[in-house]
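The structure appears below as structure tokens.
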Amino acid sequence: MSQDQRARLAAFPTDKPVDPATIGAVLADAARRLTAAGIDQPRLDARILLAHALGMPGNGLYGQEEQDIGVTVRDDFETAISRRLNREPVSRIIGSRGFWSLDLELTAAALDPRPDSETLIEAVLAHAGPRETPIRVLDLGTGTGCLLLSVLAEYPEATGLGIDISPDCVSLAIRNAAANGLAERASFQIGHWDEGLHTIFDVIMCNPPYIPTATIADLAPEVRDHEPRGALDGGPDGLDCYRELAARFPRRLSENGHIFLEIGHDQHADVTRIMAENALVTATVRQDLGGRDRCLIIRCGA
């Protein structure tokens, strides 16, 4: 623990009595309560939230279990645990999410990037050519900017454009680009898919809403109650956005370019058919870490 971190632990006001509490004790109590509420990974969640309250990295608590914490930290931590007991995701409580190689700010405006979506980055690396290739990337429905910025981080000569219908998401993505040193190669604008564009791109990425409307109520509370509805709802059969995008993709894709499109695990056949109706060929599908179909790699037909 650094001198600054020790000072933070010791400098809390003591104007009201409080039972002595150690890092180990408050972690154990929080984990017990999270377990009773049916929260997955309760100990990990408690550790991340306490480290955040202390202003420490996530691994900063190891070996400090006997260290006392003060009133301010206990209050902040209790607030965070109460939010988690209400099934708010940890990433939303701390306001950030690690995705691929990046640390991203997260706000209520944007979809929380999931590890499943990293499948699209893996697919780009496998299909878009050597890392020094100066590809031009389009990210439709950019949200936090996670897809575009992750690709730009891997391709130092690439440039890209992220579009989102939400002004708040565009502002968020701009901040994330700056925070990750990618602002010079990433631009963002407000818009509905590709409306108003006249440029073609070598890589098009998109994670559209694909949850059927009627099944949203059955999702986990972390998703149902805390994600923006517009980022989830794909219409009655979950395929509305794919139908619209399929008509737009051909005019935006370069001759040898590829589209990297996230899908629901059971939508491979339906989305492939929709793309084929618009002269787009699904070259292959890539599975996520759970072995489920997650990313279609699509190109223009001959």
Side-chain angles (χ1 to χ4, degrees), residues 38-41 87-92 97-100 102 104 106 110-128 138-148 150-151 164 169 193 203-249 258-278 280-299:
I39 302 294
D40 292 337
Q41 298 183 308
R87 305 300 290 268
E88 186 173 355
V90 169
S91 53
R92 294 203 177 276
R97 161 69 79 174
F99 183 86
W100 197 249
L102 308 177
L104 301 171
L106 179 64
L111 187 73
D112 187 351
R114 299 300 201 279
D116 287 347
S117 295
E118 293 181 345
T119 308
L120 277 69
I121 312 303
E122 296 172 349
V124 172
L125 293 173
H127 292 272
L138 175 63
D139 179 16
L140 295 173
T142 195
T144 60
C146 62
L147 296 179
L148 173 60
S150 295
V151 170
D164 203 286
C169 283
W193 301 132
V203 167
I204 299 176
M205 310 182 76
C206 187
N207 177 16
Y210 56 72
I211 307 297
T213 304
T215 67
I216 291 176
D218 299 325
L219 296 174
E222 285 84 351
V223 177
R224 181 192 66 220
D225 299 336
H226 297 284
E227 294 287 10
R229 175 83 177 213
L232 300 175
D233 194 342
D237 61 359
L239 301 172
D240 281 1
C241 290
Y242 297 111
R243 296 185 182 95
E244 184 174 2
L245 287 165
R248 296 172 179 271
F249 281 150
H258 292 85
I259 300 157
F260 300 87
L261 184 61
E262 182 161 336
I263 60 170
H265 68 91
D266 58 352
Q267 294 175 326
H268 179 181
D270 287 333
V271 177
T272 294
R273 172 182 50 78
I274 291 168
M275 295 298 137
E277 291 169 354
N278 290 269
L280 293 165
V281 175
T282 298
T284 188
V285 60
R286 194 175 187 98
Q287 283 77 38
D288 60 25
L289 290 175
R292 298 160 297 195
D293 291 346
R294 188 61 59 191
C295 175
L296 296 186
I297 297 93
I298 300 164
R299 55 180 173 79

Quick one: [atom1] on [X] to [atom2] on [Y], what's the gap to the nearest 0.5 Å?
X    : Y    : atom1 : atom2 : answer
E262 : L296 : CD    : CG    : 10.0 Å
L147 : C206 : CG    : SG    : 8.5 Å
D116 : N207 : CG    : CG    : 9.5 Å
M275 : T282 : CE    : OG1   : 7.5 Å
T119 : D288 : OG1   : CG    : 5.0 Å
L148 : L140 : CG    : CG    : 10.5 Å

Do F249 and N278 make a side-chain contact, defined as non-hydrogen atoms from C-beta onward lying under 4.5 Å apart?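 Of all side-chain heavy-atom pairs linking N278 with F249, none is under 4.5 Å.
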Side chains of D237 and R243: closer than 4.5 Å at any heavy-atom pair?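 The answer is yes, as the side chains (C-beta and beyond) meet within the 4.5 Å cut-off.
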Flag, side chain of R248 to backbone of W193, donor-acceptor distance under 3.5 Å: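 No; zero donor-acceptor contacts below 3.5 Å.
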Short question: side chain of R114, backbone of D112 - any donor-acceptor pair under 3.5 Å?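 Yes; at least one donor-acceptor contact below 3.5 Å.
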Heavy atoms only: give me the nearest [X]-[Y] pair and the separation to one decimal.
X    : Y    : result
F99  : P113 : CD1-CB, 3.6 Å
S91  : R97  : OG-NH2, 3.6 Å
L280 : A246 : CD1-O, 3.7 Å
S150 : W100 : OG-CB, 3.5 Å
R87  : E222 : NE-OE2, 2.8 Å
H226 : R92  : O-NE, 3.1 Å

Stepwise side-chain contact (heavy atoms from CB on, under 4.5 Å) check, L111 with L232: CA-CA 8 Å; L111 187 73; L232 300 175; 4.1 Å; yes
So does L219 have more than 12 non-hydrogen atoms from other groups sitting under 6.0 Å from CG?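 Yes, enclosed.
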Residues, nucleotides or ligands: over 12 heavy atoms within 6.0 Å of Q287 CD: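 Yes - once you tally the heavy atoms of other residues, nucleotides and ligands closer than 6.0 Å, there are more than 12.
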Strictly below 4.0 Å, N to O, side chains only: are E122 and R294 in salt-bridge contact?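 No.
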Assess the side chains of D233 and T213: does a donor N or O sit below 3.5 Å from an acceptor N or O?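 Yes - a donor-acceptor pair under 3.5 Å links their side chains.
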Given M205, which partner from the list I259, L261, I121 fulfils the side-chain contact (heavy atoms from CB on, under 4.5 Å) test?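 The passing option is I121.
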Mutual orientation of the aromatic rings belonging to H127 and F260 [parallel < 30°, tilted 30-60°, perpendicular > 60°]: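 Ring orientation, 0 to 90° scale: tilted.
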